[in-house]
Amino acid sequence: MTLEADLSDAIGERHVLIDPSVTASYESDWTRRFVGHARCVVRPGDIRDVGSVLQLCSRHGVAVVTQGGNTGLVGGSVPRGGEVVLSTSRMGDIGPVDVVTGQVTVGAGVTLTALQQAIRPLGLDFGVDFAARDSATIGGLVSTNAGGERVLRYGTMRQQVVGLEAVLADGSPLSRLEALPKENTGYDLVGLLTGSEGTLAVITAVRVRLWPLLAHRTVALLALETTGAALEALAELKPRLGSLEAAELFLADGLALVRDHTGLPAPMAGEHVAYLLVECADRVDPSEALLEALGEVSTLVPGLVDIVVGEDARSRRDLWRYREAHTESINANGVPVKLDVAIPHSQLERALEELPGIAAAAAPGARTIIFGHLNEGNLHVNVLGTSDHQGVSEAVLRYVASLHGSISAEHGIGRAKTQWLSLSRSATEIAAMRSIKTALDPGQVLNPGVIFKD
Ligand code: 2HG
Ligand code: ZN
């Protein structure tokens, strides 16, 4: 029997997609930088189905690419050619919320928005949030150890995962959903699978930590004369504001692009070098605390030249739009080289200054748009106007490594950065990681070509 026939027998014919007009959307990412052909797309409904799919694919010697919301930016969930794409979309259950422990078990295919909508009426919230929330799935968030806009307060996805359930390459189920607060019985397999980008197992469900919902929010957009002033402002705001939740940076050229694309009005008079969007969230209205802190910080940071505050939901959303619309606005101007790097704080100002020149030296005439999560030194370096993705990546990532930064802060290695892994990881580390991969997936069934070069 063919693999497709075996798969149909195991999980039902209608969950094995082969019609090219249906499979097409699974075969490229939305930026269209990664395109490949899938042998078929399977949509298992539960852990047993996933076990059957992996057993059959292992037996037939066919590789599997797991795909959640397909919002990744490094090609980690797009087939290269001939793989089976395993879509988690049918694993969409949200279990009962345990309000005492503040935990809930959710299927891998649950979107971030669906989780938020389920828990917020109960007075609880989730610690990770970002612009792709409507499509990005919890399984994908765990696989990539997603970061986003709230890391300053809650950490990355790794800090939200208290347990998970997964299937190994040979089809064996692995369940760590009990999530006891104290549990010290050997290797941390949950931690190992978090951030493993679909290379070690297929995650089917996740038990996540929830936080008290902080219903009162205030946003401020700060205009700065230099990027250094943005760093100074953040350094002064942090110790003054226990309610600080986000500190997002964008620059004049990014704002211009966003305004062009969205038609949004200028957020304030004049044009400024840098903009820092901060958000405070608390049980009581944080506006007064934020305004007081901003008043003090304005006298301490001369480069802070203007501030717009958004207190009601509408103006908060409008201010966030300037930041969150960066990705779509950049994409509307061509297919960018997308790099996601972390720079040590001591080198950030210099990096913000030098990065456009580094990219332009590799690709003359290229236009570099930088924005990101300032608190973590996480810069999204997007380079437009060049088809030399390889040359620009090489130059930028080598430069980042020379500053002792990381070549991937939050998007992962995927297929996009495998050749540069050694810029961030030592030979010993890579050898240890490869040994783990080989031990858990000796047949190279799961996401071959992701994280490691073939
Ligand atoms: C964000 O922070 C995402 O908005 C996307 O990580 C970054 O488009 C990008 O480069
Ligand atoms: Zn980001």
Side-chain angles (χ1 to χ4, degrees), residues 29 65-77 88 103 106-112 115 126-133 135-166 174 176-177 179 187-211 246 338-343 372-373 375-380 400 405-418 420-421 423-425 429-430 432-433 436-437 440 446-447 450-452:
D29 70 323
V65 174
T66 307
Q67 190 177 103
N70 200 6
T71 60
L73 291 168
V74 288
S77 64
T88 58
Q103 295 177 357
V106 293
V110 170
T111 64
L112 182 49
L115 175 60
F126 194 57
V128 169
D129 194 20
F130 51 80
R133 57 184 73 80
S135 308
T137 59
I138 298 302
L141 266 70
V142 180
S143 302
T144 56
N145 182 25
E149 296 155 355
R150 295 179 164 194
V151 176
L152 187 157
R153 188 172 206 160
Y154 299 107
T156 66
M157 195 60 197
R158 188 174 291 288
Q159 281 78 49
Q160 322 307 321
V161 179
V162 291
L164 57 74
E165 183 189 77
L174 181 154
R176 303 293 310 157
L177 287 173
Y187 296 154
D188 175 10
L189 297 177
V190 173
L192 177 65
L193 296 190
T194 304
S196 63
E197 300 189 49
T199 63
L200 299 180
V202 174
I203 295 169
T204 51
V206 188
R207 188 145 183 94
V208 291
R209 168 174 293 128
L210 305 175
W211 300 90
K338 291 188 84 68
L339 298 166
D340 154 54
V341 301
I343 307 283
H373 316 284
N375 183 64
E376 293 79 52
N378 179 182
L379 303 182
H380 294 310
V400 167
S406 170
I407 63 161
S408 176
E410 60 174 3
H411 296 167
I413 296 295
R415 301 190 195 294
K417 291 182 182 169
T418 52
W420 296 288
L421 182 61
L423 290 175
S424 279
R425 292 303 193 102
E429 286 180 300
I430 294 173
M433 293 198 290
I436 293 169
K437 167 71 177 168
L440 291 185
L446 297 172
N447 249 0
V450 166
I451 299 186
F452 311 105

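Hydrogens, waters and symmetry mates are skipped; everything else that's a heavy atom, side chains included, is used. This structure is a prediction, so every number in the text was calculated from the model and none was measured.
When atom types are taken as modelled, the side chain of R415 and the backbone of G75 share a donor-acceptor pair closer than 3.5 angstrom. Between the side chain of N447 and the main chain of G76, a donor-acceptor pair closer than 3.5 Å is present. The backbone N or O of L73 lies less than 3.5 Å from no partner atom in the side chain of K338, so there is not a single donor-acceptor pair.
Taking 4.5 Å as the limit, some side-chain heavy atom of V142 sits within range of a side-chain heavy atom of L164. Looking at heavy atoms from C-beta onward, N375 lies out of side-chain contact with R153 at the 4.5 angstrom threshold. Put simply, the side chain of E410 reaches to within 4.5 Å of the side chain of N378, judged on heavy atoms. Counting heavy atoms from C-beta on, the side chains of L446 and V202 come closer than 4.5 Å.
Note that CD of E149 and CZ of R133 are 6.0 Å apart. Values are rounded to the nearest 0.5 Å. To the nearest 0.5 Å, atoms OG1 (T199) and CD1 (I451) are separated by 4.0 Å. The line from CZ of R176 to CD of E165 is 12.0 Å long, rounded to the nearest 0.5 Å. To the nearest 0.5 Å, atom OG1 of residue T71 and atom CG of residue L141 are 7.5 Å apart. To the nearest 0.5 Å, the span separating CG on L200 from CG on L189 amounts to 10.0 Å. Here CZ of F126 is found 5.5 Å from CG of L115. Values are rounded to the nearest 0.5 Å.
Between L210 and Q103, the shortest heavy-atom distance links the atoms CD1-C, 4.2 Å. A pairwise comparison of heavy atoms in Y154 and Q159 identifies O-CB, 3.7 Å as the closest pair. Nearest heavy-atom pair, W211 versus G127, reported as atom, atom and distance to 0.1 Å: CD1-N, 3.6 Å. The minimum heavy-atom distance linking S406 with S424 is given by the pair CA-OG, 3.6 Å. Shown here for I203 and A166, the closest heavy-atom pair between the two residues is CA-CB, 4.0 Å. Here the closest non-hydrogen pair linking N70 and S77 is OD1-OG, 3.7 Å.
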Quiz prompt | Stepwise side chain to side chain contact (heavy atoms under 4.5 Å, CB included) test for V206 and V161 | solution = CA-CA 7 Å; V206 188; V161 179; 4.0 Å; yes
Quiz item: Taking it one step at a time, do V450 and I413 satisfy side chain to side chain contact (heavy atoms under 4.5 Å, CB included)?
Solution: CA-CA 7 Å; V450 166; I413 296 295; over 6 Å; no
Exercise. I would like to know whether L421 and E429 meet side chain to side chain contact (heavy atoms under 4.5 Å, CB included); could you show each step before the answer?
Key: CA-CA 10 Å; L421 182 61; E429 286 180 300; over 6 Å; no
Exercise. For the pair I343 and V400, evaluate side chain to side chain contact (heavy atoms under 4.5 Å, CB included) and give the outcome as yes or no after the intermediate values.
Key: CA-CA 7 Å; I343 307 283; V400 167; 3.9 Å; yes
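For N145, the side chain to side chain contact (heavy atoms under 4.5 Å, CB included) criterion is met by T156, M157, R158, T194, not counting sequence neighbours. Residues passing the side chain to side chain contact (heavy atoms under 4.5 Å, CB included) test with V74, sequence neighbours excluded: E197, H411, A416.
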